[in-house]
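Following: one structure in structure tokens, then a few remarks.
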Amino acid sequence: MSKKVRVRFAPSPTGGLHLGGVRTVLYNYLFAKKHGGDFLVRIEDTDQSRYVAGAEEYIFDTLKWCGLEPDESVQHGGNYGPYRQSERKESYRQYAEQLVKDGYAYYAFDTPEDLEKMRHDFKTDNNPSPQYDHTIRMKMRNSLTLSSDETQKLLAAGTRHVIRIKMPENETVSFTDMIRGEVKFETSLVDDKVLLKADGMPTYHLAVVVDDHLMEISHAFRGEEWLPSAPVHILLWKYLFGLENMPQWAHFPLILGPNGKLSKRDGAKYGFPVFAMNWNDPKTGELTEGFKEKGFLPEAFLNLLALLGWNDGGEQEIFSMEELIEKFSMERVHSAGAKFDYEKAKWFNHEWIKKSGVGSLESGVKTLLSQNGVTVSDDVLLEKVIELVKDRCTLLPDFVQHSSFFFKVPETLDVDAVKPKWNEDKKNFFVVYTEKLQTATEWNAIELENSFKELATEKNIKPGELQLPFRIMLVGGKFGPPVFNIAELLGKEETVIRIKNALLAF
RNA sequence: GGCCCGUUCGUCUAAGGGUUAGGACACCACCCUUUCACGGUGGUGAUACGAGUUCGAAUCUCGUACGGGCUACCA
């Protein structure tokens, strides 16, 4: 048997991809790349009633933005297709039938109403949600309670039915989770999960086992919410393909919101994104904001996700993708859930913006500026501006505030910030300063500052009291990089014009 | 209710029997800067509780409490 590392991300295309989903992709990807293996994406679309237009496309767009490209998928091809479970429909039934034949599963003819009635009838205070398990399966309509003749007749008549796994009554199923160690379950406490639905589609339980086998998956990673159904999957592996061929499992801790499992509602309520990219629900028309549109760099997004549940044991927090691949190990993934901290997420982004080269920021900033009505005609200037202001930008849109005025005359001047302390002396200072500027031969921040301070001393005014007015003149408000740097990049002509115009307004 | 997983500063975490329990985010103070940041220095702040094992426990065991997940012909 091939020992090649092969891992998969198996999303259900029902909506936007949230934080936890992307982290699952990331850990899969890191593990695969670290071990020279394959990372594939398999679309789990066996529930046709939950089909959402565009969701599959969205998933791949998200992976592309993150730079987590699969080796095999619907879009990338591969030798283990189809990579969409709905297209593999025909392959599942035989396995379910085989299980029935071997006595590990059975046909069940109960209608949805029957099931509802069962849940109602058996509901007690001590058992608020009765399960279809060994204690009640003999009270239902299935091939265990029906004679074989009756069963055959029903099947021949095309009666709607499902196939359920017959959980053993007194077995302990255990497996070793790469993160949690040994996990045990008593089979008598697990219900008879449906394996094959009435429409002929497999449930997740059957599909995940069959496809992991067919696709030769070596390690199966998923979120902790799957842990309770693990015994079903272990048993299916045992019955169908042999425990010795089963992939190694790891269940990732959940990413929690302020109130437990993170939901997109939390994002709306607490003001931070939950999805990787904007998701526009075609059914409700509701738009859910994504990290991308909020102004996160993919490198930062991945970095913060990687650290949410994993660390390399040292004190490093900023990791490039290459470093993550090199240092990642499943053993160092935490077993406890992690509460998402948006403040820290922003810190990661800020660090990445500071760390990023001007070149990698340029097109994004340019787009953002143009979206805000600022046209950049001088790319060289833009590059200088980005270099100058990036340290004060936490999210990409911050660039708009900190750099628009380099390309566009401020629409309004914060006159109120100046007026209270404005006087004729100061006005006179700027009139003279303007004259000096016009004859200046050296145009750079240091020279500008020197002559500014010289003149201030001459006029007996504290330079500090003149800097804020100067800033308002050039920028319009109390923000932006050091004022003399601004003047330098603005150039002589523009600087002089802005001072003169402002003098009229003050 | 049952089952499963978990529990170190507010948050993310380090410390795999012996440390003044370390770092980061956030917060506070000071410095730098008379825009705001960046940066620098310092500070507040945690082993849920109770037993046990041990010379010695945040670390191992058990119990309790608390938190989370699952409990669909959804994934």
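Every chain is numbered from 1 and lettered A, B, ... according to where its sequence line falls, protein lines coming before strand lines.
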Task: Partners meeting side-chain contact (heavy atoms from CB on, under 4.5 Å) with Lys462(A) (sequence neighbours left out) - done: Glu465(A)
Dump every N/O contact between nucleotides 39-45 of chain B and the protein below 3.5 Å, one line per pair.
from, atom 1, to, atom 2, distance (Å)
G39(B), OP1, Lys354(A), NZ, 2.9

Can you list, pair by pair, the side-chain donor-acceptor contacts under 3.5 Å of residues 170-182 of chain A, counting residues two or more places apart and other chains?
from, atom 1, to, atom 2, distance (Å)
Thr172(A), OG1, Glu186(A), OE1, 3.3
Thr172(A), OG1, Glu186(A), OE2, 3.2
Ser174(A), OG, Glu182(A), OE2, 3.3
Asp177(A), OD1, Ile179(A), N, 2.8
Asp177(A), OD1, Arg180(A), N, 3.0
Asp177(A), OD2, His251(A), N, 3.0
Asp177(A), OD2, His251(A), ND1, 2.7
Arg180(A), NE, His251(A), O, 3.2
Arg180(A), NH1, Ser335(A), O, 3.3
Arg180(A), NH2, His251(A), O, 2.8

Between the protein and nucleotides 10-14 of chain B, which nitrogen or oxygen pairs are less than 3.5 angstrom apart?
from, atom 1, to, atom 2, distance (Å)
C12(B), OP1, Lys339(A), N, 2.8
C12(B), O2', Leu307(A), O, 3.2
U13(B), OP1, Gly309(A), N, 3.1
U13(B), O3', Asn311(A), ND2, 2.8
U13(B), O3', His334(A), NE2, 3.1
A14(B), OP1, Asn311(A), ND2, 2.8
A14(B), OP1, His334(A), NE2, 3.3
A14(B), OP2, His334(A), NE2, 2.6

Hey, can you pull the donor-acceptor pairs under 3.5 Å for the side chains in residues 402-410 of chain A, sequence neighbours left out?
from, atom 1, to, atom 2, distance (Å)
Ser403(A), OG, Phe399(A), O, 2.4
Ser404(A), OG, Val400(A), O, 2.6
Lys408(A), NZ, Glu411(A), OE2, 2.9

Open item on the list: Counting primed atoms plus P, OP1 and OP2 as sugar-phosphate and everything else as base, spell out the protein contacts along nucleotides 66-75 of chain B at 4.0 Å heavy-atom distance: B, S or - for each nucleotide, 5' to 3'.
Closed with: --SBSBSBBB
TODO: Mind checking Pro253(A) for me? I need base, sugar-phosphate or nothing, with any heavy atom below 4.0 Å counting as a touch.
DONE: nothing
TODO: Please identify each residue that fulfils side-chain contact (heavy atoms from CB on, under 4.5 Å) with Val274(A), with sequence neighbours left out.
DONE: His18(A), Leu262(A), Phe272(A)
- [ ] For RNA chain B, find the residues of residues 457-466 of chain A with a heavy-atom distance under 4.0 Å and give them by number; none if there aren't any.
- [x] Lys462(A), Gly464(A), Glu465(A)
TODO: Output all residues satisfying side chain to side chain donor-acceptor pair (under 3.5 Å) with Glu494(A), sequence neighbours left out; order by chain, then residue number.
DONE: Arg498(A)
TODO: For Lys166(A), enumerate each residue passing the side-chain contact (heavy atoms from CB on, under 4.5 Å) test, keeping only those at least two apart in sequence or located in another chain.
DONE: Tyr106(A), Arg137(A), Leu144(A)
Open item on the list: Which residues pass the salt bridge (charged side-chain N to carboxylate O under 4.0 Å, His left out) test with Glu488(A), not counting sequence neighbours?
Closed with: none
For residues 471-487 of chain A, dump all side-chain donor-acceptor pairs below 3.5 Å to protein atoms at least two apart in sequence or in another chain.
from, atom 1, to, atom 2, distance (Å)
Arg471(A), NH1, Phe479(A), O, 2.7
Arg471(A), NH1, Gly480(A), O, 3.4
Arg471(A), NH1, Pro481(A), O, 3.2
Arg471(A), NH2, Pro481(A), O, 2.9

Open item on the list: In this structure, how many angstroms lie between the C1' atom of C5(B) and the CZ atom of Phe185(A), rounded?
Closed with: 9 Å
- [ ] Indicate, with a heavy-atom threshold strictly under 4.0 Å, whether Val208(A) touches base, sugar-phosphate, or nothing.
- [x] nothing
